[in-house]
Number of protein chains: 2
Amino acid sequence: MKESAAEFVILGLLSYTSMTGYDINKAVKTRMSSFWDIGYGQIYPTLRMLEKDAYVTKKVEIKENGPNRKVYSVTNKGTKKLQEWLMKPAKPEIFRLEALLKIAFGEQVPKHVIIKHIEELRARTAEKLENLIFLEKEVNAHLSDDEGYFFGLLPVLLGINIYRSSIEWADAATKMIEERKQKEGNVR
Amino acid sequence: MKESAAEFVILGLLSYTSMTGYDINKAVKTRMSSFWDIGYGQIYPTLRMLEKDAYVTKKVEIKENGPNRKVYSVTNKGTKKLQEWLMKPAKPEIFRLEALLKIAFGEQVPKHVIIKHIEELRARTAEKLENLIFLEKEVNAHLSDDEGYFFGLLPVLLGINIYRSSIEWADAATKMIEERKQKEGNVR
DNA sequence: AATGACATGTAAGAGGTTACATGATTGT
DNA sequence: ACAATCATGTAACCTCTTACATGTCATT
């Protein structure tokens, strides 16, 4: 038995409420995209495996046209598995920022290319920040009557912190590059 | 041919100075670990491919005992390839923070488990932050006589920003958990 | 009439990690 | 004497992404 993180993403989400594979995909994209992602290529096969090993059960809603809707729920065995995983130490963080790779080698290309990479990174970040701020409000509204979302809020808050400081960096970095350009211009 | 980021990490590092595979590994670990990582399992095979396609050349230092030292350098063709890649838009950022996955599902386990995850995450982050602060000083010292490291400094500054705000989050999150009124039911 | 949301899935391959194998040299 | 660093590499395995395939229903 493997034990990839994808299993626990699914088990964890199902621990809130029963869902279809489609729902799981949506939930991951809206609620976890700032720190983890999985797609259908992982979701459907993993769901089948989890069911085979009795960590989840499914209820099929038969539809004459189109694919049957399959609603999955965690079992006690699945909850136990999730809890055991939760108690083990987490693996180290992995960051892959291709944009920074390009920025780091900026010496090799004209400055405007790098400024554009920074701008694009900033734009992607600003968009994610907006989403998280929206999510934060939503969760906070929920929180007053349902404490069950408290822990889900923490990663959102970290994301907001990180994205905010990334945007500050982007603005400072752009300035640094432009000021450097002026320096060289004065020398000539 | 494929075009994975690993190639460009290597090409980019070699654009500063000629290196062995071992050196590349070290350089990645010390200078890029906050936004990208590759290991020997990618370095040696990629180096061979790059050489085959004339993007790099190698000079072999023969040693009677142990493996020969192979020093790689970029060719003009390699520099061109790197520049072309640098001008293309970067792929979206990927963050994989298993710790946050565990924290998000904290409802399922006693709160001390989650506090521990946060503490461990904080410790890992603090260590990386120290490394980056050290790196920053080193690069800044270099920068006065060699402008060639300027762009390498930018990712370091982002890392410092991100790690600092992560540490602030960790402290706030721990407090939030400790001060929270515990509801009965889900806690073991 | 078109778009987007709902809903299922597979197959191939790219990308990345880990464990293994080997051994000299340099510093404490 | 022991540990760390220098130095090469492979093979198996796992993980993840991408492209494909199909079709309904609700909204604009």
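None of these values were measured; they are calculated from a predicted model. All chains are named by letter (A, B, ...) in the order of the sequence lines, taking the proteins before the strands, and each is independently numbered beginning at 1.
- The separation between A:Y44 atom OH and D:dA21 atom P is 18 Å, rounded to whole Å.
- Aromatic ring pairs are classed by plane angle as parallel below 30°, tilted from 30° to 60° and perpendicular above 60°; the pair B:F8 and B:W85 is parallel.
- Between its opening and closing five pairs, the helix from C:dA1-D:dT28 to C:dT28-D:dA1 changes axis direction by 60°, a value rounded to 10 degrees.
- When the side-chain nitrogen and oxygen atoms of B:T20 are compared with OP1 and OP2 of D:dC6, none of them lie within a distance under 4.0 Å.
- Heavy atoms from other residues, nucleotides or ligands lying under 6.0 Å from CZ of B:F134 number 12 at most.
- The residue among A:P45 and B:G41 whose nearest nucleotide of DNA chain C lies closer to the 5′ end is A:P45.
- For the pair A:R48 and C:dT10, the criterion of a side-chain N or O lying under 4.0 Å from OP1 or OP2 is met.
- At a cut-off of 3.5 Å, with distance as the only test, no side-chain donor of A:T174 or A:D171 sits close to an acceptor on the other residue.
- Ring geometry for B:H142 against B:Y149 counts as perpendicular: the plane angle is over 60°, on a 0 to 90° scale with 30° as the lower cut.
- Atom OH in A:Y22 sits roughly 14 Å away from atom C1' in C:dG9 (whole-Å rounding).
- Salt bridge A:E93/B:R124: present, at least one basic N to carboxylate O contact under 4.0 Å.
- Rounded to a whole Å, the NZ atom of B:K26 is 8 Å from the C1' atom of D:dT5.
- Tracing side-chain contacts under 4.5 Å through hydrophobic residues (I, L, V, M, F, W, Y), one never reaches B:V71 starting from B:V9; they form parts of separate clusters.
- Candidate nucleotides D:dT8, C:dC6, D:dC16 were compared by shortest atom distance to the side chain of A:Q42, and D:dC16 ranks first.
- Distances from the side chain of B:D23 to the nucleotides D:dA7, D:dC6, C:dT8 place D:dA7 closest.
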Exercise for review: Under the side-chain contact (heavy atoms from CB on, under 4.5 Å) rule, what do B:V156 and B:R31 come out as? Steps first, then yes or no, please.
Suggested key: CA-CA 8 Å; B:V156 172; B:R31 289 156 47 186; over 6 Å; no
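- Put simply, CD on B:E7 is 8 Å from P on C:dG15, counting in whole angstrom units.
- The nearest whole Å value for the distance from the CZ atom in B:R69 to the P atom in D:dT5 is 17 Å.
- Following rounding to the nearest Å, A:I43 (CD1) and C:dT8 (C1') show an atom-to-atom distance of 12 Å.
- Distance OH (A:Y40) to P (D:dT18): 15 Å, rounded to an integer number of Å.
- Nearest-nucleotide assignment on DNA chain D puts the 5′-proximal partner with B:L47, out of A:W36 and B:L47.
- Nearest-nucleotide positions on DNA chain D for A:G39 and B:K63 put B:K63 closer to the 5' end.
- Atom NZ in B:K91 sits about 7 Å away from atom P in C:dG15, given to the nearest Å.
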